[in-house]
Every structure is written in structure tokens, then in C-alpha cells.
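Written below as C-alpha cells is the structure these notes are about.
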Amino acid sequence: MIQEYIAVELCEQLFGGIKEATFRRNKEYYLGELEKEHNVRFGKRGRHITYILDPKEQTEQQKADTEFFEILGCDIGGKNIELMKFILKSIIEQKIVPVQDEIALQANRLGLWGTDSRGTVKNYMAFLKDNGIIVEPMEIPIWIENPIINRDGKEIWIKRKCDPDTGEILPTFHKRIVKHYYFDCVKNEAGKVIRRERVSDTTARAIEMAFNNLWTEAEQRELLSLYALGYTAMEMKKERSKVQARIIREIGREFGMCDCIRKEEPIINPTIKRQLNDYFNQQDNGAWVQ
DNA sequence: TTTAAGGGTCGTCAAAGGTG
DNA sequence: CACCTTTGACGACCCTTAAA
């Protein structure tokens, strides 16, 4: 859309409120700025000169980037757009392991980034969360009925927590509705991770089945009794994750893996995910046809 | 008595923007 | 031109967390 401004309006609306004098003094510079994205002509309004801005045709790359920003629905500032795309693509395509260290490593390997340090990926993911692009899984409150009967027939009473104001019984825990993925974490002698490999869907299902079998038993044998010992919710959480990690690791060994690890699959806002999917497909096809 | 990954903080650095 | 000030990205370092 062609738009016409006088100097004051340019300063206010396009240059973030600089003084008109500054604009006039560095006119060449500011016109240069305008000409990056517009064909600039001049006109008149009363006694004022006007600046007529006619947006330039964008290059294919610019169009693609604009489309990407529109899908995200926010401005990414001076962040590296290719790295941002790579993070989202990693999550959507499910080929590499989408933990921050690994994303940084792969992005560096592809030359999208000059370092394999995690910091930047962390910042970018925090940005994606802040902007509602990566979202938290839904949680369902669960109340366990007391008492629980252990394998040996003993009753176990889980301590209830109540809301101090309403007296309402708070949920025993919250179940997170989220998919998990599994990967093998291979380390060298020094304990440094040398590669992370995602397992196939089939293997993941097999691990999950094995896990479900072993978990119920381990819970009965190792964990429920801890409630009776007065472990707090926090401590139980810790114990559970330890036992869980151990079982996953053991199963992994059976499958010939070094160190099997289970993580929550990051969730991308479904609407955005659908659009990104189309976008990446289209981009990849375009590059391929060329 | 773990351990991998995620989160917080802060210093550094570079670039941009504005002004004298 | 030269000098602020601001902004924001980056990454080192350290700490917390983990689930049905």
C-alpha cells in the first residue's frame, strides 16, 4: 500500500519518535533507511514536502521470512531466523533429539551457527515459550482414594493436603498429558556425550510396553511403602524419577542401547504447528526443485 | 549415593540510535 | 566526527528439577 507522510509524521510513525531536526540533519541516512524497503517519491501537502512510500517487491527469501514471522505472530528481533526455524523444525520432524545441547550441536554442524553452546538455543526456546509457540502440556488433577493396599496386603495412607481457606482436598498429583520420546545417550570415557540418537517409533512403543509392566511392580515393591515412612510429595517425586530412570536404562540395555533416556516431547501450539508443517514442506520442496 | 537437562543471572560485547 | 546511552544477543557459571 502506497502511503504519504510529511516529515513530522515520518519521525513519529516510522522512526520511533525522533526529533524532526535529527531527521533533517541526517536526511541522507534516513532516506536510505526508507529506500531499503520502499521506492520513495516526493510530493506536496500545503507548504510541506511529502514522502511517498511505495513498498518494494520483496525477494523470495524476504517473502519466505515474512511468512515465517506471520506464522509465529511475533517479531524475533535480531535473533537468527535460521536457528529459530531449525529449533522448530527439530521439534516437528522428530529426527534429532530436541534437547537444547543437541539442537545447538546439530545447528552448528549444519553451519547455521558458529558455536555449539547451549545458551542461545535456551534463550530462543524461552522466547518461543513466552510467545505461546511452545506450550506446556495439559495437566489433569488426580485424587487417589485412601487407603492404598500394597502387594503384601498392608494398607497405606497417603497424607492429604487441604486448601487452608476452603478446606478442599488438593489433588494427590497432576497427570501431564504428553507424549514421551526415547533416545540413546552415548558417552566417551570422559563421560562427555558424543551422540544422542532417537529411537524409532516401534522401539519406543516396545520400551513403553516393557516399562509399563515393570513400573507397576517397582512402584508396589519400592515406592508405595515410602508413603508410610512419611516421605513428602517432593521426596516421592525424586524417588520416583530415580526408579523410573533406572528402569528405563535397564530396558535400554536389553535393547542394546548404552544409556536410554526418556523425555517429554515438546508441544508446539497446534495451530502454529500445522502452519509450520506446511511452511517447511513448501520450503524444502522449493529448494529441491531449484 | 546420580545425572542429564532446563532455568536464572550476570558480565561482556557489539551495534544502533541520537545528539553535541 | 565523536561521544554518550540503550538495547539485546550471547554464553559462562551455577543452581534446581525430575512422575503416575
Side-chain angles (χ1 to χ4, degrees), chain A residues 11 14-27 29-30 32-33 36 75-81 83-84 87 97-105 107-108 113-130 134 136-137 139-145 148 158 171-187 191-196 208 211-220 222-224 226-227 231-250 252 258-266:
Chain A
C11 293
L14 298 183
F15 295 130
I18 60 166
K19 290 178 183 168
E20 198 184 340
T22 301
F23 168 72
R24 293 201 187 286
R25 195 152 57 116
N26 303 296
K27 204 163 182 178
Y29 166 78
Y30 286 108
E33 287 298 299
K36 280 181 187 168
D75 180 8
I76 70 168
K79 300 184 193 66
N80 180 314
I81 187 173
L83 183 61
M84 193 66 86
I87 292 171
V97 178
V99 299
Q100 296 174 2
D101 274 318
E102 183 70 13
I103 291 174
L105 202 69
N108 187 35
W113 206 236
T115 163
D116 57 12
S117 152
R118 171 176 76 96
T120 305
V121 174
K122 178 180 66 167
N123 290 336
Y124 281 30
M125 288 183 87
F127 171 86
L128 290 169
K129 281 178 190 169
D130 287 345
I134 293 179
E136 282 296 301
E139 291 193 340
I140 300 177
I142 306 279
W143 288 267
I144 293 180
E145 291 292 321
I148 309 170
I158 293 175
T172 320
F173 63 88
H174 292 269
K175 186 179 167 66
R176 292 162 71 82
I177 308 303
V178 63
K179 245 185 88 176
H180 289 88
Y181 65 91
Y182 300 82
F183 64 96
D184 196 7
C185 194
V186 184
K187 278 161 260 170
K192 187 174 154 46
V193 176
I194 49 175
R195 69 170 194 277
R196 295 179 184 83
E208 228 144 48
F211 175 78
N212 289 336
N213 281 331
L214 296 173
W215 177 250
T216 316
E217 200 198 317
E219 192 174 39
Q220 288 275 322
E222 301 179 45
L223 293 170
L224 287 186
L226 299 182
Y227 279 118
Y231 273 55
T232 65
M234 196 67 179
E235 290 164 334
M236 285 306 295
K237 218 170 190 173
K238 214 171 163 186
E239 290 307 313
R240 279 176 173 278
S241 45
K242 261 198 231 173
V243 174
Q244 188 190 60
R246 194 195 69 223
I247 294 176
I248 298 278
R249 190 169 294 128
E250 280 167 6
C258 299
D259 192 7
C260 182
I261 291 172
R262 178 174 112 129
K263 284 277 155 202
E264 288 184 353
E265 195 90 70

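We use all heavy atoms of the structure for the numbers below, so side chains are in, but hydrogens, waters and symmetry mates are not. Below, chain A is the first sequence line, B the second, and so on; all start at residue 1.
Here R176(A) lies out of heavy-atom contact (under 4.0 Å) with every strand. At the heavy-atom level, N123(A) lies under 4.0 Å from base atoms of the strands shown. Residue-level contact check: F211(A) touches neither bases nor backbone, having no heavy atom under 4.0 Å from any strand. Among the protein residues, Y124(A) comes within range of the sugar-phosphate backbone only, with heavy atoms under 4.0 Å from sugar or phosphate atoms but none that close to a base. Residue-level contact check: R249(A) touches neither bases nor backbone, having no heavy atom under 4.0 Å from any strand.
Atom CD of E139(A) sits about 9.0 Å away from atom CD1 of I177(A), to the nearest 0.5 Å. The distance from atom CG of D101(A) to atom NZ of K122(A), rounded to the nearest 0.5 Å, is 10.5 Å. With values rounded to the nearest 0.5 angstrom, I248(A) atom CD1 is found 5.0 Å from F211(A) atom CZ.
With both pairing distances under 3.5 Å, dC3(C) is matched to dG18(B) as a Watson-Crick or G-U wobble pair. In this entry dG6(B) has dC15(C) as its Watson-Crick or G-U wobble partner, both defining distances falling under 3.5 Å.
Figure legend: cation-pi geometry between K79(A) and F127(A), with NZ or CZ positioned under 6.0 Å from the six-membered ring centre and within 45° of its axis.
Atom CD1 in I261(A) sits about 8 Å away from atom C1' in dT3(B), given to the nearest Å. Atom pair M125(A):CE and dG6(B):P shows a separation of 7 Å (rounding to whole Å applied). Between the CZ atom of R240(A) and the P atom of dA18(C) there is a distance of 13 Å, rounded to whole Å. Taking atom CG of residue L226(A) and atom C1' of nucleotide dA20(C), one finds them 15 Å apart after rounding to whole Å. Separating the CG atom of D130(A) from the P atom of dA9(C) is a distance of 12 Å, rounded to the nearest angstrom. The CG atom of L223(A) sits 13 Å away from the P atom of dA20(C) (whole-angstrom rounding). Spacing between atom CZ of F127(A) and atom C1' of dG6(B) amounts to 19 Å, rounded to whole angstrom units. Regarding K122(A), its NZ atom lies at a distance of 9 Å from the C1' atom of dA12(C), rounded to whole Å.
A residue-by-residue look at V193(A) and K238(A) shows that K238(A) has its nearest nucleotide of DNA chain B further toward the 5' end.
In this structure, the nucleotide among dA12(C), dA20(C), dA5(B) sitting nearest to the side chain of K175(A) is dA20(C). When distances are taken from the side chain of R118(A) to each of dA20(C), dG6(B), dA18(C), the shortest belongs to dG6(B). The side chain of T115(A) approaches dG11(C) more closely than any other nucleotide in the set dG6(B), dA19(C), dG11(C). Proximity note for T120(A) (side chain, C-beta onward) versus dG11(C), dA20(C), dT2(B): the nearest is dG11(C).
Here Q100(A) does not reach the OP1 or OP2 of dA4(B): none of its side-chain N or O atoms lies under 4.0 Å away. Under 4.0 angstrom from either OP1 or OP2 of dA5(B) there lies at least one side-chain N or O belonging to R196(A). Within the structure, every side-chain polar atom (N or O) of W113(A) is placed at least 4.0 Å from both OP1 and OP2 of dA9(C). Residue K79(A) places no side-chain N or O under 4.0 Å from the OP1 or OP2 atom of dC10(C). A sub-4.0 Å separation between OP1 or OP2 of dT1(B) and a side-chain N or O of R246(A) is absent.
One finds a salt bridge joining R176(A) and E264(A) here, because a Lys/Arg side-chain nitrogen approaches an Asp/Glu carboxylate oxygen to under 4.0 Å. Ion pairing of K179(A) with E208(A) is absent here, as no side-chain N (NZ or NE/NH1/NH2) approaches a carboxylate O to less than 4.0 Å.
No donor-acceptor contact under 3.5 Å links the side chain of K129(A) to the base of dG7(B).
Comparing the same atom, C1', in dT2(B) and in dA18(C) gives a spacing of 12 Å after rounding to whole Å.
In this structure a side-chain-to-backbone donor-acceptor pair under 3.5 Å is missing from D259(A) to V186(A).
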